[in-house]
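The structure under discussion appears below in the form of structure tokens.
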There are 2 protein chains.
Amino acid sequence: MLFWGLVGGVLLALLKVVEYQHFVRAYPSAVYGGLVAALFAALGLYLGRRWNRGRKVLVVEPVRAPRQEPFVANAEVLEALGITPREHQVLELIAEGLSNREIGERAFISENTVKTHSSRLFDKLGVRRRVQAVRRGRELGLIP
Amino acid sequence: MLFWGLVGGVLLALLKVVEYQHFVRAYPSAVYGGLVAALFAALGLYLGRRWNRGRKVLVVEPVRAPRQEPFVANAEVLEALGITPREHQVLELIAEGLSNREIGERAFISENTVKTHSSRLFDKLGVRRRVQAVRRGRELGLIP
DNA sequence: CGCGGAATCACCCGAACGGGTGACGCGCTC
DNA sequence: GAGCGCGTCACCCGTTCGGGTGATTCCGCG
């Protein structure tokens with residue numbers, strides 16, 4: 001909501017600029033046009049990327065999760081979702097029931113970093129809570 | 001978000017109108033500016049989407065493991081630990097990845113009550129966090 | 001060389017969670 | 001009737017989580 005408010009604000013500001021252009025006609029409108037164009041292009045690019053993220057859809061072939069001992073994570077899904085090794089590790093540790101702090105100690109990184117990883121992980125898994133992440137990870141064969 | 005987007009849109013439209021009435025006739029360059037901006041925004045959006053399309057596009061249809069027979073909780077363990085029906089139900093809902101609030105809505109009880117149940121549940125399971133509870137409940141055959 | 005992705009960390013804020021206490025009603029049992 | 005287990009709810013308090021922003025380092029790729 002704040003974001004969209006800002007978007008509105010930016011648009012307004014842009015329009016003001018355009019409007020201003022009329023009074024400062026000394027300069028060629030091309031300059032302003034270019035500026036506006038660049039800004040909008042950047043905005044569009046940014047939004048485009050954002051929108052497409054987490055939108056991935058996966059055709060899952062029956063990846064029967066093998067019940068045997070040597071568990072191996074499903075590399076295809078891992079790659080399809082763009083989950084990095086570190087994120088995967090964090091997922092494993094979350095599944096162990098550890099807190100972020102404990103995960104940090106286990107992986108020799110700060111709690112803040114763990115939070116960053118888990119945040120991105122949740123994003124990629126399309127979940128909002130750790131229990132859901134564990135559940136999803138299991139469904140996708142990312143963790144035993 | 002939709003709301004604020006609309007707000008932005010309305011403001012934008014308003015300004016456009018005002019601008020049009022006052023200046024556009026005399027200074028048509030604004031029209032061009034807007035056009036250019038829109039065009040570039042569209043271009044940016046297009047590029048942004050395309051940029052991400054290279055990676056596999058797919059959706060996840062979770063691999064439903066063949067759940068043969070309806071799951072039945074291990075009654076012995078349930079009784080041995082003194083877990084009441086309500087607590088068991090809360091455990092199931094926790095395992096679904098629901099928040100306490102959502103569990104309350106689902107079970108028609110207040111969030112506070114859910115907290116009481118989960119607290120006692122954790123106590124009986126000997127855990128301190130919900131992910132651990134899910135894990136333990138699984139090991140003990142209390143949930144699928 | 002520059003650029004992007006990965007990994008690292010910090011800070012802020014609000015929401016969710018966990019733990020503890022106290023309380024009330026209901027049904028069962030001694 | 002008193003005691004007990006169960007379920008219900010409230011309040012407080014401190015911690016943990018989730019989300020967002022911003023910044024830095026390193027590495028590989030063109």
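Within every chain, numbering begins at 1; the chains are lettered A, B, ... in the order of the sequence lines, protein sequences first and strands thereafter.
For R86(B), taking side-chain heavy atoms from C-beta onward, the closest of the listed nucleotides dG7(D), dA7(C), dC9(C) is dG7(D).
Side chain R120(B) to base dT8(D): a donor-acceptor pair is found below 3.5 Å.
Straight-line distance from the NZ atom of K124(A) to the P atom of dG19(D): 14 Å, rounded to whole Å. Put simply, CD on Q89(B) is 16 Å from P on dC6(D), counting in whole angstrom units. Nucleotide dC9(C) holds its P atom 14 Å from the CD1 atom of I103(A), rounded to whole Å. Here the P atom of nucleotide dC6(D) and the CG atom of L81(B) are 13 Å apart, to the nearest Å. The separation between L91(A) atom CG and dA7(C) atom P is 14 Å, rounded to whole Å. Atom CD of E105(B) and atom C1' of dT8(D) are 17 Å apart (whole Å).
In this structure, R129(B) and L98(A) approach most closely via the heavy-atom pair NE-C, 4.0 Å. In this structure, F122(A) and A133(A) approach most closely via the heavy-atom pair CE2-CB, 3.5 Å. For the pair L125(B) and R136(B), the tightest heavy-atom approach, listed with the atom from each and the gap, is O-NH1, 3.5 Å.
A search for side chain to side chain contact (heavy atoms under 4.5 Å, CB included) contacts involving R135(B) returns E96(A), E139(B), not counting sequence neighbours. Residues satisfying the salt bridge (Lys or Arg N to Asp or Glu O under 4.0 Å) criterion with R106(A), sequence neighbours excluded, are absent altogether.
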Would you mind building the protein contact string for nucleotides 10-18 of chain D? One character per nucleotide, 5' to 3', B for base within reach (heavy atoms under 4.0 Å), S for sugar-phosphate only, - for untouched. BBB---SSB
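The phosphate of dA7(C) has neither OP1 nor OP2 within less than 4.0 Å of any side-chain N or O from H117(A).
Between I109(A) and H117(A), the closest side-chain pair of non-hydrogen atoms falls below 4.5 Å.
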Donor-acceptor contacts, no H, no angles, side chain residues 72-83 of chain B, under 3.5 Å, sequence neighbours left out:
residue, atom, partner, partner atom, Å
N74(B), OD1, E76(B), N, 3.1
N74(B), OD1, V77(B), N, 3.2

Using distance only, find each side-chain donor-acceptor pair of residues 84-91 of chain A under 3.5 Å and give its atom names and separation, not counting sequence neighbours.
residue, atom, partner, partner atom, Å
T84(A), OG1, E87(A), N, 3.3
T84(A), OG1, E87(A), OE1, 3.4
R86(A), NH1, Q89(A), OE1, 2.6
R86(A), NH2, A107(A), O, 3.3
E87(A), OE1, T84(A), N, 3.0
E87(A), OE1, K124(A), NZ, 2.9
E87(A), OE2, K124(A), NZ, 3.1
H88(A), NE2, L142(A), O, 2.8

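Residue order along DNA chain D, read from the 5' end via each residue's closest nucleotide, puts E87(B) first among E87(B) and V127(A).
Here the CG-OG distance, from L93(B) to S99(B), works out to 10.5 Å after rounding to the nearest 0.5 Å.
Contacts of residues 134-142 of chain B with DNA chain C (heavy atom under 4.0 Å): none.
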